[in-house]
Q: 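Once you've had a glance at the structure underneath, I'll fire off some questions.
These numbers come from a predicted model, not from an experiment.
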Amino acid sequence: MNMQLFFIGQIIGAVSTLALLLFLLARLWPRRGPGMRGQGHAVLITGCDSGFGHMLAVALDRTGFTVFAGCLLPEGAGARCLTRLCSSRLRVLKLDVTSEQDVQLARRTVQDNLPEKGLWAVVNNAGISDWAEIEWSSSQDFQNMLNVNLMGCIRTSIALLPLVRVAKGRMVFVSSIFSFFTCLNMAAYSVSKRGLEAFADCLRVEMASFGVKVSIIQPGNFGQATNIVKVKTDDEIWARLDEERKHTFNRRYIELANQYFTSSCRSGSGSAAPVVQAMVHAVTSGHPRSRYLLVPPTELIFFRLLPLLPTALTDAFFSLSSMYSTRRRLLYAQ
């Protein structure tokens, strides 16, 4: 009898675990569906010179939206490419998200040229990336990152929220797994994206009363697809260090860290399609998700569970990396 109860318990446990895994997997992908058509609706996208924003502008133009494509360089190659690829509905705007003047001018331009159904969505996509350990960085490095990735989104959102609220539309924010995944070299970027998600989460709660939905896009490693990652030489990194830090972080470690980071970026996805599809879903679906985690299927469970684990356990993961053991061995070495 005891043995039967034991086996029954095992079966119930296995079924419960399987059910939980299936539930999690079902939540990991956006629900498919035809989505809304864009005719009569407008959307503003920041950072359309290249990458995700550029591809999203093309995709939403093809579904009928009036697209206001914010570009840092409105006469640049990316902006010219958009005008060639897209319909006459698309309008390129000069939009440096670090400039309050640019943001306010973009708002007036959008407001004066809205189609009949108004501004349906704002996609805060503009962003920069850089890498360095904290002690290789200056406070200005952090400020520059925050000014684009965080304050740029805040400026744009505050300016355009009244228009989106009227349409009961969407606010979409492009974040990163680095908003919750902590590792070497990404401090400034992580700080900017963690702040961005805090802003978006607060906005989601406030906008629910107005019928406005807020979504956060969390791409993993898409360095190959976007070329957002800044490539540096060993000499450039070394030249920025003072004598004390050159003693602490010796030249050999700088070389190995640069090789490791560059290799990691090159191993990322070469296709931006999953991210752009998620962005389109967030804009057009009747049931957009609050978060879209976009990593390879083999990593989905890990990244889904990571924020729920104790800090001591997540920190211990990093000790498994050969780069961390190499770092400990080379620090202070001559």
Side-chain angles (χ1 to χ4, degrees), residues 29-74 76-93 95 97 106 110 113-115 117-127 153 156 160 163-164 167 169-176 200 213-220 222-228 268-295:
W29 282 278
R31 278 181 281 182
R32 301 300 177 188
M36 63 177 285
R37 300 296 296 173
Q39 282 82 2
H41 293 93
V43 57
L44 181 139
I45 309 165
T46 66
C48 291
D49 298 84
S50 61
F52 299 143
H54 186 94
M55 288 176 272
L56 179 64
V58 174
L60 291 181
D61 175 77
R62 289 175 179 172
T63 64
F65 281 94
T66 296
V67 176
F68 294 96
C71 292
L72 184 63
L73 302 173
R80 294 198 305 271
C81 180
L82 284 177
T83 58
R84 288 197 306 270
L85 292 175
C86 298
S87 71
S88 59
R89 291 187 307 274
L90 181 135
R91 181 167 185 155
V92 171
L93 302 179
L95 184 52
V97 296
V110 169
N113 294 277
L114 283 176
K117 296 179 182 178
L119 183 62
W120 174 251
V122 171
V123 181
N124 285 283
N125 165 75
C153 291
T156 305
L160 293 163
L163 302 180
V164 176
R170 307 288 166 79
M171 297 293 294
V172 181
F173 297 85
V174 179
S175 180
S176 167
K213 294 181 172 62
V214 177
S215 295
I216 298 171
I217 311 294
Q218 295 176 316
F222 286 86
Q224 283 195 91
T226 62
N227 294 318
I228 190 175
S269 174
S271 171
V275 178
V276 176
Q277 289 168 6
M279 296 164 85
V280 170
H281 189 274
V283 171
T284 64
S285 172
H287 302 281
R289 295 177 55 190
S290 58
R291 275 177 171 78
Y292 294 79
L293 178 60
L294 300 163
V295 295

Q: Output, in order, the C-alpha distance, side-chain angles, deciding distance and verdict of side chain to side chain contact (heavy atoms under 4.5 Å, CB included) for Val174 and Met279.
A: CA-CA 9 Å; Val174 179; Met279 296 164 85; 3.8 Å; yes
Q: Taking all non-hydrogen atoms of both residues, which atom of Ala167 and which atom of Lys117 are closest, and how far apart?
A: CB-O, 4.1 Å
Q: State, yes or no, whether a side-chain contact exists between Phe52 and Val123 at a heavy-atom distance under 4.5 Å.
A: no
Q: For a quick test of reading the model, state the closest non-hydrogen atom pair linking Ser285 to Pro288 and the distance between them.
A: O-CD, 3.4 Å
Q: In terms of the angle between their ring planes, are Trp120 and His41 parallel, tilted or perpendicular, with boundaries placed at 30° and 60°?
A: perpendicular
Q: If every non-hydrogen atom of Val164 is compared with every non-hydrogen atom of Val122, which pair is closest and at what distance?
A: CG2-CG2, 3.7 Å
Q: Any side-chain heavy-atom pair from Leu163 and Leu44 closer than 4.5 angstrom?
A: no
Q: Going by the rule side-chain hydrogen bond (donor to acceptor under 3.5 Å, both in side chains), which residues pair with Asp49 if we only count those two or more places apart in sequence or in a different chain?
A: none
Q: Would you say the side chain of Leu293 lies within less than 4.5 Å of the side chain of Arg291, judging by non-hydrogen atoms?
A: no
Q: Quick one: does Leu95's side chain get under 4.5 Å of Phe68's, heavy atoms only?
A: no
Q: From the options Asn124, Asn125, Ile217, select the one residue that forms a side-chain contact (heavy atoms from CB on, under 4.5 Å) with Phe173.
A: Asn124
Q: Could you tell me which non-hydrogen atom of Pro115 sits nearest to which non-hydrogen atom of Thr66, and how far apart they are?
A: CG-OG1, 3.8 Å
Q: So do the side chains of Cys86 and Val67 get within less than 4.5 Å of each other, counting heavy atoms only?
A: no
Q: For His54 and Gly78, which heavy atoms make the closest approach, and how far apart are they?
A: CE1-O, 3.1 Å
Q: Which residues pass the side-chain hydrogen bond (donor to acceptor under 3.5 Å, both in side chains) test with Ser175, sequence neighbours left out?
A: Glu197
Q: Is any side-chain heavy atom of Val110 closer than 4.5 Å to a side-chain heavy atom of Leu93?
A: yes
Q: Nearest 0.5 Å please: distance from the CD1 atom of Ile45 over to the CG atom of Leu56.
A: 4.0 Å
